[in-house]
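Some notes on the structure that comes next.
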2 protein chains.
Amino acid sequence: MDDPAADIMGATFRALCDHGYAELTMRDIAEESDRSKAALHYHYDDKEGLLIAFLDHMYDRFTDRVGGYGVEGDAELSEDVDATDPDERLRAFISAVLHPPNDGEAREFRTAMLEIKAQAPYQDAFQKRIARFDDFVTETVTELVEAGQSAGTYHEEIDPDHVAQFVLVVLDGAGARHVVAEVPVDCAVASLEDYLDGHLVDANAGRAEPESKASEQLTDGGETTGASDE
Amino acid sequence: MDDPAADIMGATFRALCDHGYAELTMRDIAEESDRSKAALHYHYDDKEGLLIAFLDHMYDRFTDRVGGYGVEGDAELSEDVDATDPDERLRAFISAVLHPPNDGEAREFRTAMLEIKAQAPYQDAFQKRIARFDDFVTETVTELVEAGQSAGTYHEEIDPDHVAQFVLVVLDGAGARHVVAEVPVDCAVASLEDYLDGHLVDANAGRAEPESKASEQLTDGGETTGASDE
DNA sequence: CCCTTTTGACTGACCGGTTGGTCAGGTTGT
DNA sequence: ACAACCTGACCAACCGGTCAGTCAAAAGGG
């Protein structure tokens with residue numbers, strides 16, 4: 001409460017969820033933080049500077065939340081995740097990226113982030129910050145796929161970077177469709193796992209079932225509408 | 001030139017490419033159409049009405065362009081497309097959706113469309129028009145998959161609607177990543193075809209090669225940056 | 001065939017409301 | 001005293017939309 005900067009970041013988050021990016025005004029953020037407009041300009045030069053600081057703030061929160069799933073991350077992830085298996089870590093990472101903790105304002109925040117992403121071509125500073133999110137996901141997926149190859153779980157001839165690019169496409173697509181068409185994000189995850197099963201998992205390896213569980217389709221999932229930061 | 005409505009639609013398209021949706025003003029459209037602001041309000045009640053008419057206009061153009069690939073479409077598609085094979089028609093349809101004719105303003109227009117899509121939660125009229133695009137793609141893909149199953153090319157146990165949903169996710173994701181990260185859309189298409197090969201194509205059928213050409217990866221495609229209407 | 005009226009298309013000037021940002025000054029803790 | 005923090009009032013710029021009036025072509029009537 002008594003840290004102005006952190007307080008303003010929280011107010012920006014709430015204002016962004018309530019009004020979206022396009023209709024976000026400095027007055028909205030000011031009211032949400034119980035401060036005056038001028039107080040915001042005391043801490044940040046202008047609106048653009050405030051939003052950039054907000055994106056940096058969200059990047060820190062994002063990496064803190066899902067950083068543990070990478071190859072260098074700490075093993076203590078969750079109950080039913082085998083920390084030694086890169087395949088399980090990859091799937092857990094994808095699920096974590098797609099399902100942030102605050103389920104309530106999930107779609108609202110995702111909508112605001114999509115609006116900001118759409119501003120990337122006009123705002124060079126925005127593009128750079130968004131690229132940091134993407135690079136983090138890309139690197140994590142790439143490393144996990146490489147680890148899976150070293151462990152013998154994944155095919156050797158697959159290009160890990162190519163897989164990471166596709167995962168990013170599906171992640172962005174799932175988020176976009178959640179915003180635009182109110183489709184739950186899990187629908188895409190099921191098909192993405194089909195893709196992983198069919199093109200990454202080495203059938204000759206130990207515990208992977210190649211074709212049976214793959215086509216286990218949930219036509220309209222449990223409406224676990226999580227909002228990803230990315 | 002002498003049809004005011006069509007002329008304004010064209011001007012709206014150009015203004016949208018130049019300024020994006022967020023910074024699109026009535027003056028921009030007026031200048032692009034060599035008319036006054038008031039002239040626009042003569043033809044359309046307000047800005048929202050003009051944009052809605054524009055979306056309807058784009059829907060007509062879109063269905064005219066890619067409608068021929070559906071099961072009911074006319075067979076004359078292109079040179080090297082076997083009109084009798086639903087699998088080839090599906091892949092041609094996906095490629096057509098992703099690659100509109102006007103390559104020059106490709107990313108600019110796609111950016112504006114992404115901005116508009118992000119407004120769907122706030123503008124109910126926008127959401128309805130965008131849903132028309134999505135429904136058209138969904139139905140086309142569903143019908144083509146069903147046709148492929150009837151022809152014996154595709155597995156029978158696959159849910160066509162589930163496949164269509166995933167195709168839509170990848171299509172939206174590819175478009176979004178083209179806008180945000182300047183990634184060429186073809187990168188995603190290659191992986192999507194891998195998915196189709198692995199989970200739709202019945203290996204027991206005739207001409208489909210199951211595992212060899214599948215992993216033919218283009219790490220950074222020929223930069224054929226097309227802008228889809230959808 | 002000419003004159004009048006109507007109508008569709010359009011313009012320039014203008015208005016109310018909103019937004020990002022500034023500024024002079026005030027309060028509080030150290 | 002001094003710095004960090006904050007406020008209320010204010011301003012220029014801009015945007016969507018309105019309004020009175022212009023103009024040419026079509027319509028209509030004698």
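None of the values given here were measured: they were computed from a predicted structure. Atoms considered below: every heavy atom in the structure, side chains included; atoms not considered: hydrogens, waters and symmetry mates. Proteins get letters first, then strands, A, B, ... in listed order; numbering begins at 1 in each.
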Q) Going 5' to 3' on DNA chain D, which nucleotide is the first and which the last to come under 4.0 Å of a heavy atom in chain A? A) D/dA4 to D/dG8

Q | Within residues 9-17 of chain B, residues whose heavy atoms come under 4.0 Å of DNA chain C | A | none

Q) Residues two or more places apart in sequence or in another chain: which of them pass side chain to side chain donor-acceptor pair (under 3.5 Å) with A/Thr63? A) none

(Q) Checking B/Arg129 now: which residues fulfil salt bridge (charged side-chain N to carboxylate O under 4.0 Å, His left out) with it, not counting sequence neighbours? (A) B/Asp56

Q) Nearest 0.5 Å, what's the CD1-NZ distance between B/Ile52 and B/Lys128? A) 9.5 Å

Q) For B/Thr142, which residues count as a side chain to side chain contact (heavy atoms under 4.5 Å, CB included) partner, sequence neighbours excluded? A) B/Thr138, B/Glu146, B/Pro160, B/Asp161, B/Ala164

Q: Measure from the side-chain N and O atoms of A/Gln127 to the backbone N and O of B/Val180, and report whether any donor-acceptor pair falls under 3.5 Å.
A: yes

Q) Among all residues two or more places apart in sequence or in another chain, which pass the side chain to side chain donor-acceptor pair (under 3.5 Å) test with B/Asp64? A) none

Q. Heavy atom of residues 21-32 of chain B under 4.0 Å from DNA chain D: which residues?
A. B/Leu24, B/Thr25, B/Met26, B/Arg27

**Q.** Audit row: A/Asp194, A/Ser191, side chain to side chain donor-acceptor pair (under 3.5 Å) steps and yes/no
**A.** CA-CA 5 Å; A/Asp194 283 358; A/Ser191 295; 5.0 Å; no

Q.
For the NE2 atom of A/His57 and the CZ atom of A/Phe13, what is their distance to the nearest 0.5 Å?
A. 9.0 Å

Q. Where each residue is assigned the nucleotide of DNA chain C containing its nearest heavy atom, which of B/Lys37 and B/Asp34 is assigned the position nearer the 5′ end?
A. B/Asp34

(Q) For B/Asp45, I'd like to know if atom CG has over 12 heavy atoms of other residues, nucleotides or ligands within 6.0 Å. (A) no

Q | Flag, side chain of A/Arg107 to backbone of A/His178, donor-acceptor distance under 3.5 Å | A | yes

Q | Stretch residues 39-53 of chain B: residues that reach within less than 4.0 Å of DNA chain D through a heavy atom | A | B/His41, B/Asp46, B/Lys47

Q: Sequence neighbours left out, what passes side chain to side chain donor-acceptor pair (under 3.5 Å) with B/Gln119? Give chain and number order.
A: A/Glu115

**Q.** Span of DNA chain C in contact with chain B (heavy atoms, under 4.0 Å)
**A.** C/dG8 to C/dG12

Q. Atom OH of A/Tyr69 and atom CG of A/Leu90: how far apart are they, to the nearest 0.5 Å?
A. 12.0 Å

Q: Return each pair, listed once, that meets salt bridge (Lys or Arg N to Asp or Glu O under 4.0 Å) where at least one residue sits in residues 9-22 of chain A; pairs must be two or more places apart or across chains.
A: A/Arg14-A/Glu32

(Q) The criterion is side chain to side chain donor-acceptor pair (under 3.5 Å); which residues satisfy it with A/Ser36, sequence neighbours excluded? (A) none

**Q.** Geometric class of the A/Phe126/A/Tyr21 ring pair [parallel <30°, tilted 30-60°, perpendicular >60°]
**A.** perpendicular

